[in-house]
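Convention: sequence-line order gives letters A, B, ...; per-chain numbering from 1.
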2 protein chains.
Amino acid sequence: MTGTIHIVDDEEPIRDALSFLFDSRGLNARGWASGEEFLSAQPLADCACVILDVRMGDLGGPEVFERLRAMGNRVPVIFLTGHADVPVAVRTLKAGAFDFVEKPFNDNQIVDLALKAIAAHEAAEAMAAARRDLETRRASLSAREEEVLRLMLQGQLNKQIADSLGIAMRTVEVHRGRVLAKMAVRNAVELAAMLGGD
Amino acid sequence: MTGTIHIVDDEEPIRDALSFLFDSRGLNARGWASGEEFLSAQPLADCACVILDVRMGDLGGPEVFERLRAMGNRVPVIFLTGHADVPVAVRTLKAGAFDFVEKPFNDNQIVDLALKAIAAHEAAEAMAAARRDLETRRASLSAREEEVLRLMLQGQLNKQIADSLGIAMRTVEVHRGRVLAKMAVRNAVELAAMLGGD
DNA sequence: GGTATGATTGCGGAAACCCACAATAGCGGT
DNA sequence: ACCGCTATTGTGGGTTTCCGCAATCATACC
C-alpha cells in the first residue's frame, strides 16, 4: 500500500489515538489539527485515505471534502462525527464519501474501513488510469479521424462511412488506419471492446 | 410516468398527508400501514417508487428494503425517519437507497425527490433491459460459440482463434457467423461495442 | 433404429479490410 | 517562398471476413 492516511480533527486526543492505532497496524498515518492546515499542506499527492471530523473550527469536514473534490482529488474520505447529523451524512455520502461513522468508533472497524477504502480507491484508480490513457490517445486524433472513429464504433463499413462523410473509401481507410495506430490497437474490434458504446 | 408511489408508514396522518400531496401533483400514490401489508400485496409490479418509514411495528423500513432487494426488486426507495439515526442512514444509503430524509419533511422536497428517483430508475431500467436482452441472447449460445465469442472480443483473428481452439478456420467462421446471428448484430465491431470488455 | 442438435471440415467466391507507394491540395507558421 | 500537418484520392495486392453448398461424426432423445 502506498500513501498516507490523513487524519483531520481538531481534538488532539482523537488524532493521537487514530495515529497510534494506524501506526500499530503498520499503516502510515499523519494528523492535522484543522482543515486549513491539511489543505494548505500541498501537495497532497501521497493521500491514500482521509479521515475527516465533521465539526471543526472554521472549516468543517464537508467543506474540506468539497474542496478536495473541487481540486480534482478523488481520495476516499471517511467522516467521523460526534453528533447525530443525518442530513450531513446523507449529503456527504451522496457526494461520494466512502463512509460516515459516529463516535465513539470501534478501532477494528475504522482500520477495516480505511483499508477497504484504500483498496477500492486503488482499484478505481487502475481503471481510471486506463481510461485516461485512452482519452489521451483519443484526444490526439484529428477532427476527421474522430468522426471516422465514431462511425466505426457504430459498426459501419468503410463504404458506408465514406458515404456518410461524402469522401472516397480510400480516404476512410487511411483515417481508419491512423485511428487504429494512434489508439494502439490492432483492429476495430479491440477498439470497440475498450471504448464500448461511448 | 408509469406505476404507483407506495407509502409505507404506520402513522396514518403521515400516509394521508403524503397520499394527498402526491395526488395533488397528479401522481398515483397509495399508502400501507405496515411493511408486511405492503410486501404481501403481490405483485408489486407497478412500483414506481417506495417511501419507507424507518421505524414501524414489526418490520422496519430497512428490513422491508432488504426484502425488496432480496426478491430482485430494484425500485428506488426513499427513507423517512423521525429519529436522528446516522448508522441506519449510512447503511441504507450504502445498500442503494435513493435518499434518506428526516421528518418533518418539506413537501416540495419530497415530491422533487420522488420524481428524481423515478426518473433515475427509469433511465437505469432502460439500460438494464438492454443488458438483459444481451444476456438472454448470449445465454442461447452453445459452449463452443461462447468460447469463440470471448476470443473474438479480444480482437483475435479467425486464424488465431482456430489455433487457440485447435480447430479449422472454417469451423471458427461458422461459429462466428452463428454468434453474430444469435446476438443480432451485423459485425464483430457492433458486438464488441455492446459487450465491451466483459 | 430414427431424429435432432451441434461440432467439424472443405471448396469456392464475393465483399471488406489493411497497407505500401505515390500524388495533389489547403492551411498556418517561419 | 518554404515547411509541416492534414485531408484527400488512386493503384495494386495481400489478408480477412462472411457465407452458400455439401458432407461427416457424435451425442442425446424418442
Start with the C-alpha gap between B:Val148 and B:Leu165, add the side-chain angles, then the distance that decides, and say whether side chain to side chain contact (heavy atoms under 4.5 Å, CB included) holds.
CA-CA 9 Å; B:Val148 172; B:Leu165 299 181; 3.9 Å; yes
Taking CE from B:Met169 and P from D:dT16, how many angstroms apart are they, rounded to a whole number?
8 Å
Are B:Met71 and B:Leu39 close enough, and set up right, to give a side chain to side chain contact (heavy atoms under 4.5 Å, CB included), and what steps lead you there?
CA-CA 10 Å; B:Met71 60 177 88; B:Leu39 287 175; 4.0 Å; yes
What is the distance, to the nearest angstrom, from the CZ atom on B:Arg186 to the P atom on C:dA16?
12 Å
Would you mind checking if A:Glu135 and A:Arg132 are paired as a salt bridge, meaning a charged N to carboxylate O distance below 4.0 Å?
no
Would you kindly check whether a donor in the side chain of B:Arg170 faces an acceptor in the base of D:dG20, or vice versa, at under 3.5 angstrom?
yes
Picking from D:dG10, C:dA7, C:dC18, which would you name as closest to the side chain of B:Ser142?
C:dA7
Please report, rounded to the nearest Å, how far the C1' atom of D:dT17 is from the CZ atom of B:Arg176.
7 Å
Hydrophobic clusters here meaning ILVMFWY residues chained together by side-chain heavy-atom distances under 4.5 Å, can you tell me if B:Ile167 and B:Leu141 are in one?
yes
Would you call the rings of B:His6 and B:Phe38 parallel, tilted or perpendicular, taking 30° and 60° as the class edges?
tilted
The helix from C:dG1-D:dC30 to C:dT30-D:dA1: angle between end helix axes, five pairs per end, rounded to 10 degrees
40°
Sorted by number, residues from residues 144-165 of chain A placing a heavy atom under 4.0 Å from DNA chain D are A:Arg144, A:Glu145
Answer yes if A:Leu191 and B:Leu153 sit in the same cluster of Ile, Leu, Val, Met, Phe, Trp and Tyr residues linked by side chain heavy atoms under 4.5 Å apart, and no otherwise.
no
Tell me whether B:Glu147 is salt-bridged to B:Arg144, with the criterion being a basic N under 4.0 Å from an acidic carboxylate O.
yes
Sugar-phosphate only, base, or nothing, as touched by A:Thr171 at under 4.0 Å among non-hydrogen atoms
base
Please determine whether a side-chain nitrogen or oxygen atom of B:His175 lies at a distance below 4.0 Å from atom OP1 or OP2 of C:dG6.
no
With B:Asp9 as partner, the option from B:Arg15, B:Lys103, B:Arg55, B:Arg30 fulfilling salt bridge (Lys or Arg N to Asp or Glu O under 4.0 Å) is B:Lys103
Give the rounded distance in Å between these two atoms: CD1 of B:Ile167 and P of D:dC25.
18 Å
Find the distance A:Arg178:CZ to D:dT8:C1' and express it as a whole number of Å.
10 Å
From CG of B:Asn187 over to P of C:dA15, roughly how many Å is that when rounded to an integer?
17 Å
Can B:Leu149 be reached from A:Met194 by stepping across I, L, V, M, F, W or Y side chains whose heavy atoms are under 4.5 Å apart?
no
Between C1' of D:dT16 and CD of B:Glu173, the distance in whole Å
9 Å
